[in-house]
**Student:** 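Input: one structure, supplied below.
Position 1 is the first residue of the sequence, and the numbers go up from there.
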Amino acid sequence: MRRVVSLFLPHLAIERLRRLERSATRLPDRLPLQLPVDDDPGACSVPRGGGWRPGARWAPDELPSRGDVEAQIATLPTHAQPPMRELGRRSEAASHPYKAATSTPRISAPLAKPLEHAPLALIDKVGRREEVVAACDDARALGVHPGMAATHARALVSDLDFRPAEPEADAALLDRLALLAVRRWSPIAAVSPKDGLWIDLAGCEHLHGGEERFCRRLIAFCRRAGFTARVAVADTPGAAHALARYGRGDLIRAAPGATASALALLPIAALRLAPSALSAARRFGFETIADLLPVARGPLARRLGLPAITRLDQALGAVAEPITPREDAEVPLVERRLLEPIGTAEAIEQVMGDLLRDLANVLQERGIGARALRLTGLRVDGTEQVVAVGTSRPTREVPHLLRLLKLKIERIDPGMGLEQFWLVAPHTEPLDAVDLGAVLAGEALVRDPARLVDVIAGRIGPRAVFRVAPVESHVPERAVTRSDPNEMPGPWPKWPRPIRLFARPEPLARVMALMPDQPPRRFEWRGKTYKIVAGDGPERVHGEWWRRDAEVWAVRDYYRVEDDAGGRFWVFRRGDGFEDDTGDLSWWMHGVFG
């Protein structure tokens with residue numbers, strides 16, 4: 001299920017300027033450590049003449065009391081007084097021996113005073129007049145709010161700090177934050193309207209410890225950077241956008257499937273409606289989103305307009321609202337703009353070849369190969385057609401990649417024509433030179449199946465192409481696994497195994513066999529009776545006791561049997577025929593040889 005995170009920075013413009021001021025202001029240098037100097041330190045207690053050591057003969061016979069020692073220490077200057085730990089056992093617990101010690105100097109520099117800022121307001125030209133577009137909390141407390149005329153704000157607060165707004169700098173900061181989100185958090189992240197981001201967590205929330213933990217870490221990240229943040233999670237971008245800006249609390253999570261109930265109490269302005277639609281809603285008495293839900297779409301569209309209905313359906317999930325991800329500048333990208341729109345398969349193939357040749361040059365310069373390609377075509381009506389292909393190994397061979405993209409041409413709907421194309425390699429890996437020494441020497445070279453694997457995977461899907469590799473296990477159903485089709489599997493055991501091994505053994509009925517170690521003579525399987533004329537076995541397989549307690553004493557006796565029609569089967573019996581703990585003596589079919 002799709003889950004979208006909306007990050008809202010309500011004071012982005014103000015806090016960005018405050019952050020620049022803090023970085024420009026430097027704390028005063030720390031004062032050097034200066035110890036007091038005493039000109040008359042007094043007589044030294046250690047005898048002169050050398051030869052002193054602890055416990056020498058010159059030591060007095062009677063040790064002074066603790067009070068005498070403290071009195072002597074009090075007469076010494078400050079720098080000569082020994083620390084308290086040398087006077088005897090301390091009452092507090094000793095510090096951990098492996099804990100990092102934090103030393104605090106006795107004399108340090110005076111703490112820097114907190115920066116005192118005047119009330120700040122940002123002004124920008126809206127229409128024909130200058131208006132306040134952002135204001136700090138102190139300015140709001142004085143009555144200055146966004147939308148107020150700049151002259152009115154100056155007359156209201158005389159010492160107000162007026163600065164011109166910088167929307168380009170704010171947009172650049174959001175763009176850098178979106179790029180960071182694409183690189184670290186989710187491949188689908190974009191800038192949302194009104195100072196925020198959209199982050200699609202579908203398929204990657206487990207990498208961050210879940211939705212709630214990711215949101216808390218996101219809020220902590222913004223707080224460390226000096227920004228106030230509000231985060232909301234919902235099923236749709238519109239719902240997350242509305243909850244982040246009009247919900248209660250810094251972290252709001254709408255339960256999956258409960259989008260309508262989460263949006264019911266929010267005002268209509270949360271739907272990103274036009275001012276004309278908002279004024280019409282107030283005129284008809286609509287205050288919250290809950291007032292719009294029971295109204296039929298036809299009368300509501302006549303009152304508020306069709307765009308308002310689209311916004312409501314997008315928030316509820318009835319209409320798709322895709323997120324155009326922010327493209328990473330480091331991702332290899334090539335582009336072609338056409339003089340005239342094209343719509344035939346031959347023309348699209350020609351453009352694919354030109355884009356691949358340009359992309360191959362970019363990949364070669366960087367020393368990398370493509371593992372995935374995404375081709376985007378822009379139609380005349382403004383919609384996009386996207387196809388993607390993947391490779392099993394990094395490559396930059398134009399003919400091979402063109403063959404993969406040609407398989408996707410039938411999925412492109414040109415409409416009235418395609419006028420622009422982008423080719424992106426979102427997944428790349430290092431690609432070094434290929435060693436051709438064996439080929440030049442005339443030795444046999446094993447062909448690389450990567451091209452065949454890519455073509456087949458492009459037709460039937462990447463998960464349908466795999467190799468069967470052995471696993472070190474005596475239990476037959478655990479002794480094989482799926483592996484990369486391009487890698488050769490390890491050596492197989494020499495035990496006789498059937499050509500077709502069932503994923504789950506199937507039970508046999510009405511089995512006739514001599515106990516304890518004879519193969520069955522007759523059994524019924526899938527409603528048909530089989531008469532056995534030859535058999536070989538048993539091959540005893542014990543359970544893997546380290547997995548679970550039920551396999552500690554489990555035993556299977558396998559037999560290769562042949563019926564009167566020539567069919568060869570692989571059957572087994574649970575239990576050894578002596579101990580009840582080894583199995584219930586039931587018979588099972590596990591594979592077919594021919």
**Student:** Should Arg393 and Glu429 count as an ion pair when the cut-off is N to O under 4.0 Å?
**Tutor:**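 Salt bridge between Arg393 and Glu429, a charged N being under 4.0 Å from a carboxylate O: no.
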**Student:** Do the side chains of Arg573 and Asp557 get close enough for a salt bridge, i.e. N-O under 4.0 angstrom?
**Tutor:**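 Salt bridge: yes.
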**Student:** Would you call the rings of Tyr558 and Phe572 parallel, tilted or perpendicular, where under 30° means parallel and over 60° means perpendicular?
**Tutor:**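 Taking Phe572 first and then Tyr558, their aromatic rings sit tilted (interplane angle of 30° to 60°).
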**Student:** Under 3.5 Å, is there a donor-acceptor pair between the Glu579 and Trp553 side chains?
**Tutor:**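 Checked: Glu579/Trp553 side chains show no N/O donor-acceptor pair below 3.5 Å.
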**Student:** Does this structure show an ion pair linking Glu346 with Lys406, if we count only N-O contacts that are shorter than 4.0 Å?
**Tutor:**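 A salt bridge is absent here (no side-chain N lies under 4.0 Å from a carboxylate O).
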**Student:** Is Arg217 salt-bridged to Glu212, cutoff N-O under 4.0 Å?
**Tutor:**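 So Arg217 does not pair with Glu212 through a salt bridge.
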**Student:** Identify whether NZ of Lys or CZ of Arg in Arg230 sits under 6.0 Å from the centre of the six-membered ring of Phe8 and within 45° of that ring's axis.
**Tutor:**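 The answer is no; the distance or angle limit is not met.
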**Student:** So Trp525 and Phe569, would you call those rings parallel, tilted or perpendicular, with 30° and 60° as cut-offs?
**Tutor:**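 Rings of Trp525 and Phe569: perpendicular, as their planes differ by over 60°.
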**Student:** Do Glu410 and Lys408 sit within salt-bridge range, that is, some charged N less than 4.0 Å from a carboxylate O?
**Tutor:**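 Salt bridge: no.
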**Student:** Is it true that Arg379 and Asp413 make a salt bridge, defined as a side-chain N closer than 4.0 Å to a carboxylate O?
**Tutor:**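 Yes, Arg379 and Asp413 are salt-bridged.
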**Student:** With ring centroids as reference points, do Trp588 and Phe502 lie under 6.0 angstrom apart?
**Tutor:**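 Not under 6.0 Å, so no.
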**Student:** Would you call Glu419 and Arg337 a salt bridge, using N to O less than 4.0 angstrom?
**Tutor:**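 Salt bridge absent between Glu419 and Arg337.
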**Student:** Quick check on Asp584: does its CG atom have over 12 non-hydrogen neighbours (other residues, nucleotides or ligands) under 6.0 Å away?
**Tutor:**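 Atom CG in Asp584 is packed in, count exceeds 12.
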**Student:** Checking Asp200 now: which residues fulfil salt bridge (charged side-chain N to carboxylate O under 4.0 Å, His left out) with it, not counting sequence neighbours?
**Tutor:**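 Counting only residues at least two positions away or on another chain, Asp200 forms a salt bridge (charged side-chain N to carboxylate O under 4.0 Å, His left out) with Arg2.
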**Student:** With distance as the sole criterion, is a donor-acceptor pair present between the side chains of Thr236 and Gln314 under 3.5 Å?
**Tutor:**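 The criterion, which ignores hydrogens and geometry beyond distance, is not satisfied for Gln314 and Thr236.
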**Student:** Rounded to the nearest 0.5 Å, what's the gap from CD on Glu524 to NZ on Lys528? Could you check?
**Tutor:**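 NZ of Lys528 is found 12.0 Å from CD of Glu524.
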**Student:** Does Arg336 pair with Asp358 as a salt bridge, N-O distance under 4.0 Å?
**Tutor:**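 Looking at Asp358 together with Arg336, the answer is yes, because their closest N to O distance falls below 4.0 Å.
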**Student:** Any ion pair linking Arg478 and Glu551 (charged N to carboxylate O, less than 4.0 Å)?
**Tutor:**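 Arg478 and Glu551: salt-bridged.
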**Student:** Counting only heavy atoms not in Arg482, do more than 12 fall under 6.0 Å of its CZ?
**Tutor:**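 Open: at most 12 neighbouring heavy atoms sit under 6.0 Å from CZ of Arg482.
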**Student:** Could you pull out all residues at least two apart from Arg176 that satisfy salt bridge (charged side-chain N to carboxylate O under 4.0 Å, His left out)?
**Tutor:**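 Expected list: none.
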**Student:** Taking all non-hydrogen atoms of both residues, which atom of Val561 and which atom of Pro520 are closest, and how far apart?
**Tutor:**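 Taking Val561 first and Pro520 second, the nearest heavy atoms are CG1-CD, 4.1 Å.
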**Student:** So, Arg374 and Glu384, do they make that salt bridge, N to O below 4.0 Å?
**Tutor:**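 Salt bridge flag = no for Glu384 with Arg374.
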